[in-house]
Amino acid sequence: MQSRLLVLEEGKDPSTTIIRTSQSRGSPLRILQFLLVFLGICIVFSMLSMYMIRYLGAQNVVPAIQSTFQPCYGEARSLESWIRPPSKLLHTMNDTELFWKASFVPRIKDYPFNRTAKIAFMFLTRGPLPMAPLWERFFKGHEGLYSIYIHSLPTYQPDFLHSSVFYGRQIPSQVAEWGRMSMCDAERRLLANALLDISNEWFVLASEACIPLQNFDVIYRYLSRSWYSFIGSFDEDGPFGRGRYNANMAPEVNLTEWRKGSQWFEVDRKLAIDIVEDHIFYPKFEKFCRPACYVDEHYFPTMLSIQSPHLLANRSLTWVDWSRGGAHPATFGKADINEQFFKRILEGQNCFYNNQPSSVCFLLARKFAPSTLEPLLENASKFFGF
Ligand SMILES: *[C@@H]1O[C@H](CO)[C@@H](O)[C@H](O)[C@H]1NC(C)=O
Ligand SMILES: *[C@@H]1O[C@H](CO)[C@@H](O)[C@H](O)[C@H]1NC(C)=O
Ligand SMILES: *[C@@H]1O[C@H](CO)[C@@H](O)[C@H](O)[C@H]1NC(C)=O
Ligand SMILES: *[C@@H]1O[C@H](CO)[C@@H](O)[C@H](O)[C@H]1NC(C)=O
Ligand SMILES: CC(=O)N[C@H]1CO[C@H](CO)[C@@H](O)[C@@H]1O
């Protein structure tokens, strides 16, 4: 300690000597002296500010620096960067955060760019998509007019090839159980993820057992020209209809407003946001519609019939066969697939489309076993025109 002090004292002495001598000898040395002191102040100041960035301002300063280092600096400020859909579907938002982000709506209704409206096909699956090759053929040549989202069991590892339209289209998923609120949660999660792409205008829910019954052009025209969204919604008496209503749901839902409908819906962007943002009906259904009340058959039909009855076609676009009876609709296998079968589905129908009688009522059908893939692929152009 003493020796160090001594050194300092020694160092101090010559410098004072220099100052004195510089004072006596004239300006050049004095300028050097001044510059050295200035340099010292600069070093101290810059070290101080580095310290501040690191320990005090880290939360504010560091992200600001990183955000300016985006690879596409020029585009980051253009409208293009708002329009472009997220390149990766995986994210770390939880449902609360995701739904909040998905609920953003532009107040100015005219888009200042050419927006090409897309159909979002949302696949609610357990794991694999056995009908994927048929869907691939269906989508081929229509890039830019559709987007795909898949919700599967969180443990499922998809193995789609890089060239597949299904590659990288998995959204962060959670376990969904039939007839329970977790199923509606999964559907809302699909809608919310699809809403993040502002070009998605129509949202179609499909399962792994679904197939398209028409070619892409027909489906696109049917949805884009419709005045209504296609969600099954009817008032049914008896134990499987009104019998599932719980009086605790009033006053949000009264018995006369209780609706039932197929889970497989198509909604437009407005109704998709209504579903994602709902916090009025959700708690009632979660609490008072539990098996044997199958919430996925009642929540959206009832809620939308109360809020926006004038926007609903009250019918589903997905054909299904309940004629065999029982709790589940019929599943078709290889032996069922022939021209007569699809003639029966496609030609024997009557419904209303934009308030006019129509014979084109179904765009999708279920349930098809994996064994049907081969005959369907082989004859898709004959059956469905693609
Ligand atoms: C999501 O995270 C936010 C912030 O941590 C939290 O308030 C919210 O409860 C979370 N939501 C869910 C569904 O976990
Ligand atoms: C949109 O397209 C039309 C015709 O294709 C063109 O006249 C118009 O300038 C385009 N608008 C923008 C904002 O790109
Ligand atoms: C249900 O009935 C109550 C009392 O008649 C009424 O105040 C309420 O608005 C009704 N709910 C709906 C959704 O119409
Ligand atoms: C669907 O049903 C609602 C009543 O729940 C009705 O107001 C609406 O007009 C119906 N839609 C069509 C297209 O008939
Ligand atoms: C189920 C079905 O119609 N299969 C037909 C598909 O097409 C091939 C070739 O045209 C026919 O041989 C099959 O009978």
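Indexing begins at 1, ligand by ligand and atom by atom, following the structure's order. Along the sequence shown, residues are numbered consecutively beginning with 1.
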Is there at least one pair of N or O atoms, one from E252 and one from ligand 3, spaced under 3.5 Å apart?
no
P251 N/O under 3.5 Å from ligand 3 N/O:
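Right, the criterion is met.
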To which of N354, D235, L312 does the heavy atom nearest atom 11 (N) of ligand 4 belong?
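Looking at heavy atoms only, L312 sits closest to atom 11 (N) of ligand 4.
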Side-chain H-bond candidate by donor/acceptor type, [X] with [Y], under 3.5 Å:
X	Y	result
T256	N254	no
S164	E136	yes
N215	D217	no

Looking at side-chain heavy atoms only, is the closest gap between Y353 and V360 below 4.5 Å?
no
Identify the closest protein heavy atom to [atom]: which residue and atom is it, and at what distance?
atom	value
atom 5 (O) of ligand 1	E97 OE2, 4.6 Å
atom 6 (C) of ligand 3	N254 ND2, 4.2 Å
atom 4 (C) of ligand 4	P309 CB, 4.2 Å

Does any N or O of ligand 1 fall below 3.5 Å from an N or O anywhere on N94, backbone included?
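Yes: some nitrogen or oxygen of N94 is under 3.5 Å from one in ligand 1.
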Among F138, W135, F139, which residue satisfies the ring-ring contact (aromatic ring centres under 6.0 Å, His included) criterion with Y146?
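Considering F138, W135, F139, a ring-ring contact (aromatic ring centres under 6.0 Å, His included) with Y146 is found only for F139.
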Quick one: which of F285, W258, F234 gives a ring-ring contact (aromatic ring centres under 6.0 Å, His included) with H298?
W258
For ligand 3, indicate whether the residue E257 contacts it via side chain, backbone, both or neither (heavy-atom separation under 4.0 Å).
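E257 to ligand 3: side-chain contact only, backbone stays beyond 4.0 Å.
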Is it true that atom NZ of K109 has more than 12 heavy atoms of other residues, nucleotides or ligands lying nearer than 6.0 Å?
yes
What do you reckon, does N314 have a nitrogen or oxygen under 3.5 Å from a nitrogen or oxygen of ligand 4?
yes
State the atoms of ligand 4, each with its element, that fall below the 4.0 Å cut-off from a heavy-atom position in R259.
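Selected atoms, number and element: 5 (O).
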Going by the order shown, which atoms of ligand 4 are within less than 4.0 Å of some heavy atom of Y228?
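That gives atoms 13 (C) of ligand 4.
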Just to confirm, does any protein heavy atom lie below 4.0 Å from [atom]?
atom	value
atom 2 (O) of ligand 3	yes
atom 14 (O) of ligand 1	yes
atom 9 (O) of ligand 3	no

Where the side chain of R315 meets the backbone of C361, is there a donor-acceptor pair that is under 3.5 Å apart?
yes
With a 6.0 Å cut-off on the ring centroids, do W202 and Y220 count as close?
yes
